[in-house]
Amino acid sequence: QVQVVESGGGSVEAGGSLRLSCVASGYIPSNMPMGWFRGKDRDGVAQIDSDFSTHYADSVKGRFTVWKVNAENTLYLQMNNLKPEDTGTYYCAVDPSSHTVRWAILAKTAYWGQGTQVTVSS
């Protein structure tokens, strides 16, 4: 069993920055893939595969940076130059049984956090 907890959301004006954190606990294999998703449809934002490959949605490239600290089982998302369209609930997903979480919405082995709200005002 794996527990996933996100934090760091908030309200900012357009152009501002936020940093999200996701901590996983429980049975955590080394180099477990982790990623960020947004909204009720869990649209992909940024993910790190087990081989440390990173993937970003086109809409956030150049503005968001994802990285992981394995020793802390923590995933971070630095969001700069935020836009109103970035508003939404951000969810963290992990999958101890896969090499990627890019399709976590379809994976029965993925674990999800409860989400953290990000609101960007114009």
Side-chain angles (χ1 to χ4, degrees):
Q1 193 74 6
V2 176
Q3 294 76 45
V4 180
V5 179
E6 306 99 333
S7 62
S11 297
V12 297
E13 294 184 350
S17 298
L18 284 172
R19 178 178 295 183
L20 306 184
S21 300
C22 167
V23 179
S25 60
Y27 171 66
I28 307 294
S30 60
N31 300 337
M32 179 175 65
M34 304 176 72
W36 293 99
F37 300 79
R38 180 173 64 216
K40 63 178 179 63
D41 293 333
R42 310 295 170 95
D43 297 323
V45 176
Q47 303 86 34
I48 297 182
D49 291 345
S50 59
D51 65 357
F52 301 103
S53 300
T54 56
H55 308 279
Y56 293 92
D58 288 342
S59 61
V60 307
K61 287 180 180 177
R63 300 188 297 121
F64 290 12
T65 302
V66 65
W67 74 98
K68 182 183 172 193
V69 180
N70 275 335
E72 300 174 355
N73 294 320
T74 302
L75 182 74
Y76 297 95
L77 183 68
Q78 179 67 39
M79 305 185 294
N80 296 329
N81 190 22
L82 282 161
K83 303 177 179 180
E85 51 264 40
D86 296 320
T87 293
T89 302
Y90 283 69
Y91 299 92
C92 178
V94 307
D95 194 338
S97 301
S98 178
H99 70 285
T100 185
V101 291
R102 296 179 70 187
W103 299 280
I105 191 66
L106 302 175
K108 296 181 179 179
T109 53
Y111 293 85
W112 294 85
Q114 293 300 306
T116 185
Q117 179 66 32
V118 171
T119 303
V120 184
S121 58
S122 58

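Side-chain atoms are counted along with the backbone in the values below, which use heavy atoms only and exclude waters and symmetry mates. Remember, it's a predicted structure, so these values are computed and weren't measured experimentally.
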Trainee: Please report the interatomic distance CZ(Arg42) to CG(Leu106), rounded to the nearest 0.5 Å.
Mentor: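 One finds 12.5 Å between CZ of Arg42 and CG of Leu106.
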Trainee: Nearest 0.5 angstrom please: Ser7 OG to Leu20 CG, how far?
Mentor: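 So the OG of Ser7 and the CG of Leu20 are separated by 8.0 Å.
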Trainee: Working to the nearest 0.5 Å, report the span between CH2 of Trp67 and CG of Leu75.
Mentor: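 The CH2 atom of Trp67 sits 9.0 Å away from the CG atom of Leu75.
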Trainee: Are Ile28 and Val4 connected, step by step, through hydrophobic side chains (Ile, Leu, Val, Met, Phe, Trp, Tyr) whose heavy atoms are closer than 4.5 Å?
Mentor: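 Ile28 and Val4: one cluster.
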Trainee: Following the transitive rule for hydrophobic clusters with a side-chain heavy-atom cut-off under 4.5 Å over Ile, Leu, Val, Met, Phe, Trp and Tyr, establish whether Val45 and Tyr91 coincide in one cluster.
Mentor: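 Each belongs to a different hydrophobic cluster.
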Trainee: Pairing donors with acceptors under 3.5 angstrom, does anything connect the side chains of Asn70 and Lys68?
Mentor: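 Distance-only check passes for Asn70 and Lys68.
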Trainee: Which pairs of donor and acceptor atoms, one on a side chain in residues 94-101, lie under 3.5 Å apart (sequence neighbours left out)?
Mentor:
from, atom 1, to, atom 2, distance (Å)
Asp95, OD1, Ser97, N, 2.9
Asp95, OD1, Thr109, OG1, 2.9
Asp95, OD2, Thr109, OG1, 2.9
Ser98, OG, Thr100, N, 3.2
Ser98, OG, Thr100, O, 3.0
Thr100, OG1, Asp49, OD1, 2.6
Thr100, OG1, Arg102, N, 3.2

Trainee: Rounded to the nearest 0.5 Å, what's the gap from CD on Gln78 to OG on Ser21? Could you check?
Mentor: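 Nearest 0.5 Å value for the CD-OG distance: 9.5 Å.
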Trainee: With distance as the sole test, does Asp51 use its side chain to make a donor-acceptor pair with the main-chain N or O of Ser53 at under 3.5 Å?
Mentor: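 Yes: the side chain of Asp51 pairs with the backbone of Ser53.
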Trainee: Sub-3.5 Å donor-acceptor pair from the side chain of Glu6 to the main-chain atoms of Gln114, do we have one?
Mentor: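 Checking the backbone N and O of Gln114 against the side chain of Glu6, a donor-acceptor pair under 3.5 Å is found.
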Trainee: Shortest non-hydrogen contact from Ser17 to Asn81?
Mentor: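 Looking at all heavy atoms of both residues, the shortest contact is OG-N, 4.3 Å.
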Trainee: Taking C-beta and beyond as the side chain, do Ile48 and Met34 meet within less than 4.5 Å on heavy atoms?
Mentor: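 No - every pair of side-chain heavy atoms lies 4.5 Å or more apart.
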Trainee: Report the residues that fulfil salt bridge (Lys or Arg N to Asp or Glu O under 4.0 Å) with Arg63, sequence neighbours left out, ordered by chain and then residue number.
Mentor: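 Per chain and number, Arg63 pairs via salt bridge (Lys or Arg N to Asp or Glu O under 4.0 Å) with Asp86.
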Trainee: Listing request: all disulfide (SG to SG under 2.5 Å) pairs with a residue in residues 1-118, at least two apart in sequence or in separate chains.
Mentor: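 Residue pairs with at least one partner in residues 1-118: Cys22-Cys92.
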Trainee: List the atom pairs, with distances to 0.1 Å, where a side-chain N or O of residues 115-122 and a protein N or O form a donor-acceptor pair under 3.5 Å, not counting sequence neighbours.
Mentor:
from, atom 1, to, atom 2, distance (Å)
Thr116, OG1, Gly9, N, 3.1
Gln117, OE1, Thr89, OG1, 2.8
Gln117, NE2, Thr119, OG1, 3.4
Ser121, OG, Val12, O, 3.4

Trainee: Please name the pair of heavy atoms, one in Arg38 and one in Gly88, separated by the smallest distance, quoted to 0.1 Å.
Mentor: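 Shortest heavy-atom separation between Arg38 and Gly88 comes out as CG-CA, 4.3 Å.
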Trainee: Going by salt bridge (Lys or Arg N to Asp or Glu O under 4.0 Å), name the residues that satisfy it together with Lys40, two or more places apart in sequence or in a different chain.
Mentor: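 Checked Lys40 against salt bridge (Lys or Arg N to Asp or Glu O under 4.0 Å); zero matches.
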Trainee: Does anything in residues 31-65 pair up under ring-ring contact (aromatic ring centres under 6.0 Å, His included), and if so which pairs, sequence neighbours excluded?
Mentor: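 Listed once each, the pairs are Phe37-Trp112.
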Trainee: Tell me whether Glu85 at atom CD has more than 12 heavy atoms from other residues, nucleotides or ligands lying less than 6.0 Å away.
Mentor: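 Enclosed.
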